[in-house]
Amino acid sequence: MKFGLKKALSSVALVGALFSATGYAAEPAIDSILSSGELKVCFEAGYIPFEMKTKDGRFIGFDIDIAKHMARSIDVKFVPVNTAWDGIIPALQTGKCDIIIGGMAITPQRNLKVMFADTYIEIGQTVLIKSELEGKVTSFRDLNDPKYRLASQIGTTGAQAAKKYFPKATLDLFETSADAVLQVANGKADAFVYDLPYNALYASQHKDTVVHLDQSFTYEPLGWAIRQNDPNFLNFLNNYLVQIKKDGSYDRIYDKWFKSDAWVDSIQ
């Protein structure tokens with residue numbers, strides 16, 4: 001009996017030490033947000049129209065407006081944390097931000113590393129092709145051919161989709177979506193694989209250089225990501241999402257960024 005009790009107490013001490021070592025898992029994020037008075041939000045500026053940087057250095061977009069609204073709803077300050085996409089989950093895990101609100105698709109691989117709140121918007125992958133291919137490439141399926149060179153952004157679901165659906169084509173990956181899509185506009189790639197909202201807007205602004213094949217060939221729910229083992233924060237986020245979808249706030253923000261291009265001239 002004494003041995004069993006001693007062993008049990010040792011296990012409790014070990015668990016306590018592990019929580020102490022991980023630090024961020026020990027305290028619900030919502031508690032630290034309220035005590036600091038700041039909501040630190042990770043995203044990567046450049047994902048149109050979700051998060052972008054204006055010519056005068058401000059961050060704007062669909063996700064940015066939601067994050068600001070979220071911060072106001074609990075009387076804290078919105079703190080933007082612009083982060084390279086390939087390091088955004090490590091930034092969350094190490095406490096550089098409290099949440100990722102950055103157009104992140106919910107995938108099984110990511111879900112092993114973070115917790116996702118309920119889906120806040122659904123999108124899919126489409127392709128932009130160079131104008132010379134109009135009429136020759138009429139479906140995304142046509143691009144699965146060794147003669148085609150594709151471009152996408154490293155670490156994105158666009159890159160994953162390109163590898164899965166176009167294994168016969170050559171795929172070049174770039175650090176940013178802007179660099180990747182430029183390959184098609186400059187004739188260095190035949191097609192760009194990326195999210196529908198981004199591609200639709202880019203095509204509307206570059207009608208002379210690209211053609212949008214706007215049939216989505218993937219289903220991608222986007223979610224807000226937080227650190228593991230934080231049910232309190234998750235509960236807040238899911239209830240917050242229900243609230244803004246019911247009171248009209250979500251629709252107002254959505255219409256601003258997806259049904260209007262009044263903001264386009266302000267971005268870089």
Side-chain angles (χ1 to χ4, degrees), residues 27-54 58-83 85 88-89 91-92 96-107 110-111 114-124 157 195-198 200-201 216 219-264 266-267:
E27 181 184 18
I30 195 68
D31 291 347
S32 61
I33 290 166
L34 293 174
S35 63
S36 68
E38 295 182 342
L39 175 66
K40 294 177 289 186
V41 179
C42 272
F43 57 86
E44 183 193 36
Y47 183 30
I48 299 172
F50 290 84
E51 38 270 331
M52 303 161 286
K53 197 170 186 178
T54 64
R58 294 175 295 110
F59 294 113
I60 62 171
F62 177 65
D63 284 337
I64 303 297
D65 274 5
I66 285 182
K68 288 181 176 179
H69 185 281
M70 184 186 297
R72 287 196 303 271
S73 73
I74 53 175
D75 297 320
V76 298
K77 178 183 177 183
F78 162 71
V79 178
V81 184
N82 190 20
T83 309
W85 190 253
I88 202 164
I89 288 180
L92 173 67
K96 294 180 181 177
C97 59
D98 303 304
I99 185 172
I100 298 172
I101 303 181
M104 178 170 279
I106 301 171
T107 67
R110 288 173 179 161
N111 220 162
V114 301
M115 293 179 74
F116 281 103
D118 292 342
T119 300
Y120 73 102
I121 192 170
E122 297 173 4
I123 63 169
T157 50
D195 300 339
L196 188 153
Y198 183 101
L201 181 63
S216 297
Y219 162 72
E220 293 182 27
L222 303 189
W224 305 325
I226 61 174
R227 288 184 286 276
Q228 296 280 28
N229 304 314
D230 196 346
N232 287 356
F233 197 17
L234 187 67
N235 178 62
F236 164 77
L237 293 172
N238 287 337
N239 286 320
Y240 168 78
L241 180 58
V242 171
Q243 179 68 37
I244 62 173
K245 285 197 169 184
K246 294 292 186 179
D247 69 14
S249 299
Y250 181 95
D251 288 342
R252 173 179 54 79
I253 296 172
Y254 182 93
D255 291 350
K256 175 183 176 181
W257 297 104
F258 288 93
K259 295 186 177 182
S260 170
D261 63 356
W263 47 267
V264 171
S266 66
I267 64 174

| Single hit among Asp261, Asp251, Asp65 for salt bridge (Lys or Arg N to Asp or Glu O under 4.0 Å) with Lys256 |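 One option only clears the test, and that one is Asp65.
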Could you tell me whether a side-chain N or O of [X] sits under 3.5 Å from a main-chain N or O of [Y], the two making a donor and an acceptor?
X: Asp98; Y: Leu39; answer: no
X: Ser260; Y: Trp257; answer: no
X: Asp230; Y: Pro28; answer: no
X: Ser249; Y: Asp247; answer: no
X: Arg227; Y: Ala29; answer: no
X: Asp255; Y: Phe258; answer: no

Would you say the side chain of [Y] lies within less than 4.5 Å of the side chain of [X], judging by non-hydrogen atoms?
X: Ile88; Y: Cys42; value: yes
X: Met104; Y: Trp85; value: yes
X: Asn235; Y: Ile30; value: no
X: Tyr240; Y: Ile74; value: no

| message | Can you confirm whether more than 12 heavy atoms, excluding those of Lys245, are under 6.0 Å from its NZ atom? | response |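 Enclosed: over 12 neighbouring heavy atoms sit under 6.0 Å from NZ of Lys245.
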| task | Please state whether the rings of Phe43 and Phe78 are parallel, tilted or perpendicular, taking 30° and 60° as the class boundaries. | result |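 Answer is parallel, since the angle falls under 30°.
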Measure the spacing between [atom1] of [X] and [atom2] of [Y] and express it to the nearest 0.5 Å.
X: Tyr219; Y: Thr157; atom1: OH; atom2: OG1; value: 12.5 Å
X: Ile33; Y: Ile99; atom1: CD1; atom2: CD1; value: 7.5 Å
X: Phe50; Y: Ile60; atom1: CZ; atom2: CD1; value: 14.0 Å
X: Ile64; Y: Ile253; atom1: CD1; atom2: CD1; value: 11.5 Å
X: Asn82; Y: Glu44; atom1: CG; atom2: CD; value: 7.0 Å
X: Met70; Y: Trp224; atom1: CE; atom2: CH2; value: 4.0 Å

Closest non-hydrogen atom pair between [X] and [Y], with its separation:
X: Ile244; Y: His69; answer: CG2-CE1, 3.6 Å
X: Phe116; Y: Ala225; answer: CE2-CB, 3.9 Å
X: Ile106; Y: Ala117; answer: CD1-O, 4.1 Å
X: Thr119; Y: Glu122; answer: CG2-CG, 3.9 Å
X: Phe59; Y: Ala45; answer: CE2-CB, 3.9 Å
X: Ser73; Y: Phe236; answer: OG-CZ, 4.4 Å

| task | May I have the step-by-step check of side-chain contact (heavy atoms from CB on, under 4.5 Å) for Val41 and Cys97, ending in yes or no? | result | CA-CA 5 Å; Val41 179; Cys97 59; over 6 Å; no
| query | Does a donor on one side chain and an acceptor on the other come within less than 3.5 Å for Asp63 and Tyr47? | reply |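 Looking only at side-chain atoms, Tyr47 and Asp63 do not form any donor-acceptor pair under 3.5 Å.
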| side-chain contact (heavy atoms from CB on, under 4.5 Å) assessment of Ile48 paired with Trp263 | CA-CA 11 Å; Ile48 299 172; Trp263 47 267; 3.6 Å; yes
